[in-house]
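To find a chain, count down the sequence lines: A is the first, B the second, and so on, and within it residues start at 1.
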Number of protein chains: 4
Amino acid sequence: MSRPHHGNRHGRSEAARQAVLEAADDLLAEKGFAGVTIEGIAARAGVAKQTVYRWWKSKTEVLVEAFLQDLAQELTPPDHGDLSLDLRAYLRLLARFLGETDSGAVFRALIAQAQLDPAFAADFRERYLAEQRRRDRLPLERAVRRGELPVTLDLDEATDRLVGPLYYRTLVTDQPAGGEFTDRLAEAFLASLEP
Amino acid sequence: MSRPHHGNRHGRSEAARQAVLEAADDLLAEKGFAGVTIEGIAARAGVAKQTVYRWWKSKTEVLVEAFLQDLAQELTPPDHGDLSLDLRAYLRLLARFLGETDSGAVFRALIAQAQLDPAFAADFRERYLAEQRRRDRLPLERAVRRGELPVTLDLDEATDRLVGPLYYRTLVTDQPAGGEFTDRLAEAFLASLEP
Amino acid sequence: MSRPHHGNRHGRSEAARQAVLEAADDLLAEKGFAGVTIEGIAARAGVAKQTVYRWWKSKTEVLVEAFLQDLAQELTPPDHGDLSLDLRAYLRLLARFLGETDSGAVFRALIAQAQLDPAFAADFRERYLAEQRRRDRLPLERAVRRGELPVTLDLDEATDRLVGPLYYRTLVTDQPAGGEFTDRLAEAFLASLEP
Amino acid sequence: MSRPHHGNRHGRSEAARQAVLEAADDLLAEKGFAGVTIEGIAARAGVAKQTVYRWWKSKTEVLVEAFLQDLAQELTPPDHGDLSLDLRAYLRLLARFLGETDSGAVFRALIAQAQLDPAFAADFRERYLAEQRRRDRLPLERAVRRGELPVTLDLDEATDRLVGPLYYRTLVTDQPAGGEFTDRLAEAFLASLEP
DNA sequence: CCGTAAACGAGACGGTACGTCTTGTCTTTTC
DNA sequence: GAAAAGACAAGACGTACCGTCTCGTTTACGG
């Protein structure tokens, strides 16, 4: 036996955890969501299958943990102190994330999984989408605080109208969403708020 | 003709085709998308597995055929000759379809499947989503023809901004999208077009 | 895919059956009883695991079928028309089989398995030991027919006393049972029948 | 000393040893030999798996220690000063032990295990079977000393012929071996020694 | 009387094999 | 030539134990 064991009374092996998450990451990039299997993850990570099952319920759980931890860092909305600038910048950031990064690909896969598995959907929405939702509405909240937007504005629905078209393009029509598109989306959004 | 036939020199068995589609329908209702398997469809339909494979490539294809053949009838946008009325009515229709009907549930499952399987995605977008897209923009096209909207309007992007938030609510946040929501969505959309 | 499939509506694949039995045979010879696994058999035979499970309940069942079919040929008791000669010859044959042949090794392993698994024990005793038992008592039956032994003799118990010591040596004490031993066993057996 | 101790610089914990042996006892009674696992023993005994491994090599070793330590007491051959009486009594004792007691069941399981595992076989035969063998031949040795049997008698082979049929019935054919059977076996054995 | 070493409980680890399930291919027989 | 029936190779599923290892605690001896 070449590799040492690292059993330990006080909690799990961080090395094994990281190996699993990285293996899941790699496999997703290589073979796509359907090509990821728990057996494959374990084999790639050099880890026993049981070790995966000990800590995660399904491959989806692994992928959730593997990829969505980066969401916060990658997607913190900028704060320029100006609504129009903020929206433009954030929509560009979000568009790039959803459409061009590996994490975005996983994000899409997880949302897809949520359509197919109601139990997962509830868990995923509670643990991760809620947080993402908070980021999505943050630029608007700041603008209300600055007085750029009226406090009477329904921020939930406004957020839907702001980012909804972008998610729609990415998930449903699969058309590219470049900077021009997001800039015009921001403009139209602002125009709809004019009196 | 009391006995089922078992083969036929002249083309496929319509009885088998119908049995497959109905079995797929039933199974989806009973167990959800993930619970549908080709094996299960064949067993339920009283049909050989090979018969399913002969005519469809995957369970997704069966479901596509089973549920989306009558999309057009359910979702034809009404024409009242007035943009505001048309939008309100159509968004309500679309919201009800996506959120409350069985066909809508399948539609969501298929969009999800498209995230996971690129080959299917291409086929699905070409054969079905394109058509749906045409229906989604139809009210706007009519308005341009009637002169209610300028011919310079980018209809594609306008459609994104119109229906995107609705799809987003349904697919991503899974919040209810009632008539008030869609009415306000139509209003905001129209407001964003004002000079 | 290189190998052709051999699915068939009516009945099993003889090729698959033979491959499994031969693989089991090889593995037993190479690694011993404990080293034989269904996974190993399937892999060695180039067969799917499910194909093994379809036709056999356990590795023991495979080994039973693989090896005990030869029993009849190897162990048919000779008929010299003389009880003393027959017994001497048959005990030598049986001693050699139990102690020195591969089939004998499997036979011992299966009797061992019967101690550990009551369900298997019942099946094994019914299908195979009964037949072996018939062979074991055949020399005595012939002698009764020839008038060399009284018809009042309890053949069952006589058989126990004849072959019991030989099985005991093989299974329990693991001492060699050569020709001298079996010859003396035959003599003692005959002596116990004298009036 | 109310609290159980959890370690000790010099020597093992007698409490842990007893708990393991009793757990093995219980599990064997409940689930049979194949159902006993080291993991199960440790869990049932409230002991760490490593504690079992520290002191025993395998579950078989545990069972050996759990059941066979008092073999001697249960199976000491009686001494009536008369060969015929002694044989009858001892064969009945042995038959009851092999066929009807828990210890006998374990004994059979261990003989079975010896067929499957050569390393265990050597150890088991040396440590336990040799002793049992001595008990088996004791009645004959006494008779030789008393002058009831000639000193030229090969006691080893005589013992084989005496107890062999009984082990054979128990291990191989699994037929009941009641008092009539063992009595007739003793008679036939004695008859075979007549001049 | 304090340090230290053995044995302990707990349990995570890398593994192997289990028996089940579904997939998509292939063959035979029936109509 | 389509359909029913179903065997087949392939391989993932989730579970049960294996035997090894580390951790922190308990205990008793020995300097």
ask   = Within the structure shown, what part of the strands sits under 4.0 Å from Gly40(A) by heavy-atom distance: base, sugar-phosphate, or nothing?
value = nothing

task = Please report the C-alpha distance between Arg127(B) and Glu61(B) in whole Å, then the side-chain angles of each, then the deciding distance to 0.1 Å, and finally whether the salt bridge (charged side-chain N to carboxylate O under 4.0 Å, His left out) criterion is met.
result = CA-CA 11 Å; Arg127(B) 288 164 61 196; Glu61(B) 293 271 297; 3.8 Å; yes

message = Can you see if the side chain of Thr51(C) gets near the phosphate of dA9(F) - specifically, an N or O under 4.0 Å from OP1 or OP2?
response = yes

query = Over how many whole Å does the gap from Gln18(A) atom CD to dC13(E) atom C1' extend?
reply = 17 Å

request  = For Ile41(A) and dG14(E), give me the distance from atom CD1 to atom P, rounded to whole Å.
outcome  = 14 Å

inquiry  = Looking only at the side chain of Tyr53(C) (C-beta and beyond, no hydrogens), which of the listed nucleotides dG14(F), dT25(E), dC18(E) gets closest?
reply    = dC18(E)

request  = Calculate the interatomic distance between Arg17(B) atom CZ and dA2(F) atom P; express it in whole Å.
outcome  = 16 Å

ask   = So does Ser13(A) get a side-chain nitrogen or oxygen closer than 4.0 Å to the phosphate oxygens (OP1/OP2) of dA12(E)?
value = no

note = Separation of dG19(E) atom P from Lys59(C) atom NZ, nearest Å, is 10 Å

query = Are side-chain heavy atoms of Phe33(C) and Asp117(D) found at a separation under 4.5 Å?
reply = no

request  = Spell out yes or no: do the side chain of Glu39(D) and the base of dC18(F) have one donor N/O and one acceptor N/O closer than 3.5 Å?
outcome  = no

request  = First locate atom CD of Gln113(C), then atom OG of Ser58(C), and finally report the distance between them rounded to the nearest 0.5 Å.
outcome  = 7.5 Å

ask   = Minimum heavy-atom separation for Phe120(B) to Leu110(B), with atom names?
value = CE2-O, 3.4 Å

task = Send over the distance from Leu27(C) CG to dA17(E) C1', rounded to a whole Å.
result = 14 Å

Any Arg54(C) side-chain nitrogen or oxygen under 4.0 Å from OP1 or OP2 of dC8(F) = yes

query = What nucleotide, of dG14(E), dC18(F), dC13(F), holds the atom closest to the side chain of Ile38(D)?
reply = dC18(F)

ask   = Of all the choices, dG15(E), dT25(E), dG9(E), which nucleotide is nearest to the side chain of Lys49(B) once you look at every atom?
value = dT25(E)

inquiry  = Using OP1 and OP2 only, check whether a side-chain N or O of Trp55(B) sits under 4.0 Å from dA3(F).
reply    = yes

Atom pair distance, as rounded to whole Å: NZ in Lys57(B) and P in dT25(E) = 12 Å

message = Using heavy-atom distances to pick each residue's nearest nucleotide on DNA chain F, tell me which of Ser58(A) and Ala45(B) is more 5'.
response = Ala45(B)

request  = Determine, for Glu30(D) against Arg44(D), whether the closest basic-nitrogen to carboxylate-oxygen distance falls under 4.0 angstrom.
outcome  = yes

key: Any N/O donor-acceptor pair, Gln50(A) side-chain to dC13(E) base, under 3.5 Å   = no

